[in-house]
Each structure stands twice: as C-alpha cells, then as structure tokens.
Amino acid sequence: MYTNLLNQIENAFYESQSDNSFRKEGKGYVGPMEIKDETDFYLVKKVIVGFEAKEISAYVRKSILKASVNNEKGEPVNVISLRIDPDYINVSKISSKLKNGILEIKIPKSENSKAVKISVE
C-alpha cells in the first residue's frame, strides 16, 4: 500500500515533468521539481522564480494536489499536479512555503502509510 502511494507520486512526477528545463510562465520562471521521501512526510520542491507567495495558489481537490501561477494573460497555469492517496496522506496538514524561489510542499503521511513492526515468534 505504501509503495502504491509512492508509485502514484512518482508516476505523476514523471508524467508532469518530462522536461526539467526552465520555462517562462507569466512574470517568472518555473523549473525542475524534486520529491523526497522522508520518514513522516514527503517533501516536494519546485523551482518557481519571480513570484511572491501570494501569487501562487496551492490546493488539494479530488485526490490531486495542484499549485499554479498566472500566465501573461492572467490565467492560472499548473506548475505542480500530483495524484495523492488521502488514505495514506494527512491532507488537512499539508503545508507549503516559498523561500528563495523554491516552493516547498510538505505532505505528511498518515498512520496508514507508516510501517508497523510485527514480532515473529
């Protein structure tokens, strides 16, 4: 089950990030994304240069985590789109911050995704 969650995140990552180069979006640039699997959470890092935190929207809807910025026409453009499994993610505790052009989204794992040691007798 845990592996299934990670595969979903990795598949979404590779589907949405076939090109790790920078691209112009609105008044800034969007670049590569990295996903780290930590003990209690996943950490998504996405390069988003030239935007302030208030110009980035992030949300989860129907098991999809999205972050977007506005393009030259003022229309939202997705810069992150990841399928997550709410059975294994604590959706209400997802947090994000923008620091030095890097958007970090911390996705806490729920108790269902953590390994439980079972003694063998």
Side-chain angles (χ1 to χ4, degrees):
M1 289 183 213
Y2 169 76
T3 304
N4 185 32
L5 170 66
L6 185 58
N7 287 339
Q8 287 180 1
I9 288 177
E10 286 177 351
N11 288 339
F13 169 74
Y14 291 116
E15 288 170 11
S16 66
Q17 297 300 315
S18 58
D19 180 10
N20 278 333
S21 63
F22 283 85
R23 70 180 192 272
K24 179 94 169 112
E25 289 294 351
K27 68 178 206 166
Y29 292 87
V30 177
M33 181 169 67
E34 174 185 17
I35 301 172
K36 291 184 177 182
D37 183 1
E38 303 291 343
T39 303
D40 294 328
F41 60 91
Y42 293 101
L43 183 62
V44 178
K45 291 184 176 184
K46 177 73 174 178
V47 176
I48 301 179
V49 179
F51 294 94
E52 295 178 33
K54 65 183 179 182
E55 298 172 306
I56 301 170
S57 66
Y59 58 92
V60 175
R61 181 172 178 231
K62 294 186 178 181
S63 300
I64 306 288
L65 180 140
K66 290 187 178 188
S68 61
V69 297
N70 288 338
N71 65 14
E72 293 83 6
K73 297 177 183 177
E75 301 165 337
V77 175
N78 289 331
V79 294
I80 297 175
S81 183
L82 298 174
R83 179 173 305 281
I84 59 174
D85 188 335
D87 289 335
Y88 301 101
I89 296 294
N90 194 341
V91 176
S92 66
K93 297 205 177 185
I94 295 175
S95 61
S96 64
K97 68 180 176 180
L98 180 67
K99 184 176 180 183
N100 297 327
I102 306 289
L103 176 64
E104 292 186 1
I105 301 176
K106 187 175 181 180
I107 306 171
K109 298 175 183 177
S110 71
E111 292 301 315
N112 292 342
S113 68
K114 296 179 184 171
V116 177
K117 185 169 176 133
I118 301 170
S119 66
V120 178
E121 297 178 28

- Message: Does anything in residues 58-68 form a side chain to side chain donor-acceptor pair (under 3.5 Å)? List the pairs, not counting sequence neighbours.
- Response: S57-S68
- Message: Can you confirm if the NZ or CZ of K109 lies within 45° of the ring axis of Y42 and under 6.0 Å from the centre of its six-membered ring?
- Response: yes
- Residues V44, M33; criterion side-chain contact (heavy atoms from CB on, under 4.5 Å); working and verdict: CA-CA 7 Å; V44 178; M33 181 169 67; 3.7 Å; yes
- Residue list, side-chain contact (heavy atoms from CB on, under 4.5 Å) with E104, at least two apart or on another chain: L43, K45, K97, I102
- Are side-chain heavy atoms of I64 and S81 found at a separation under 4.5 Å? yes
- Task: For L98, enumerate each residue passing the side-chain contact (heavy atoms from CB on, under 4.5 Å) test, keeping only those at least two apart in sequence or located in another chain.
- Result: A53, I56, L103
- Message: Contact between S95 and I105 at the side-chain level, heavy atoms closer than 4.5 Å - yes or no?
- Response: no
- Query: Under a 4.5 Å cut-off applied to non-hydrogen side-chain atoms, are E55 and V69 in contact?
  - Reply: no
- Message: Under the criterion side-chain contact (heavy atoms from CB on, under 4.5 Å), I'd like the reasoning laid out for K106 against E38: C-alpha separation, chi angles, the key distance, then a yes or no.
- Response: CA-CA 10 Å; K106 187 175 181 180; E38 303 291 343; over 6 Å; no
- Item | Atom pair CD/CG of E111 and D87 - distance to nearest 0.5 Å | 14.0 Å
- Note on the structure: What one should report as the nearest heavy-atom pair of F22 and Y29 is CD2-CB, 4.3 Å
- Task: Give the intermediate values and the outcome of side-chain contact (heavy atoms from CB on, under 4.5 Å) for residues V79 and R23.
- Result: CA-CA 10 Å; V79 294; R23 70 180 192 272; 4.2 Å; yes
- Message: Surrounding NZ of K27 (heavy atoms of other residues, nucleotides or ligands, distance under 6.0 Å), is the total greater than 12?
- Response: yes
- Are side-chain heavy atoms of E25 and N78 found at a separation under 4.5 Å? no
- Establish whether I84 and F41 are linked, either directly or via other cluster members, by ILVMFWY side-chain heavy-atom contacts under 4.5 Å. no
- Query: Heavy-atom distance under 4.5 Å between the side chains of L82 and I35, does that happen here?
  - Reply: yes
- Message: Could you tell me if the side chain of V60 sits less than 4.5 Å from the side chain of I89, heavy atoms only?
- Response: no
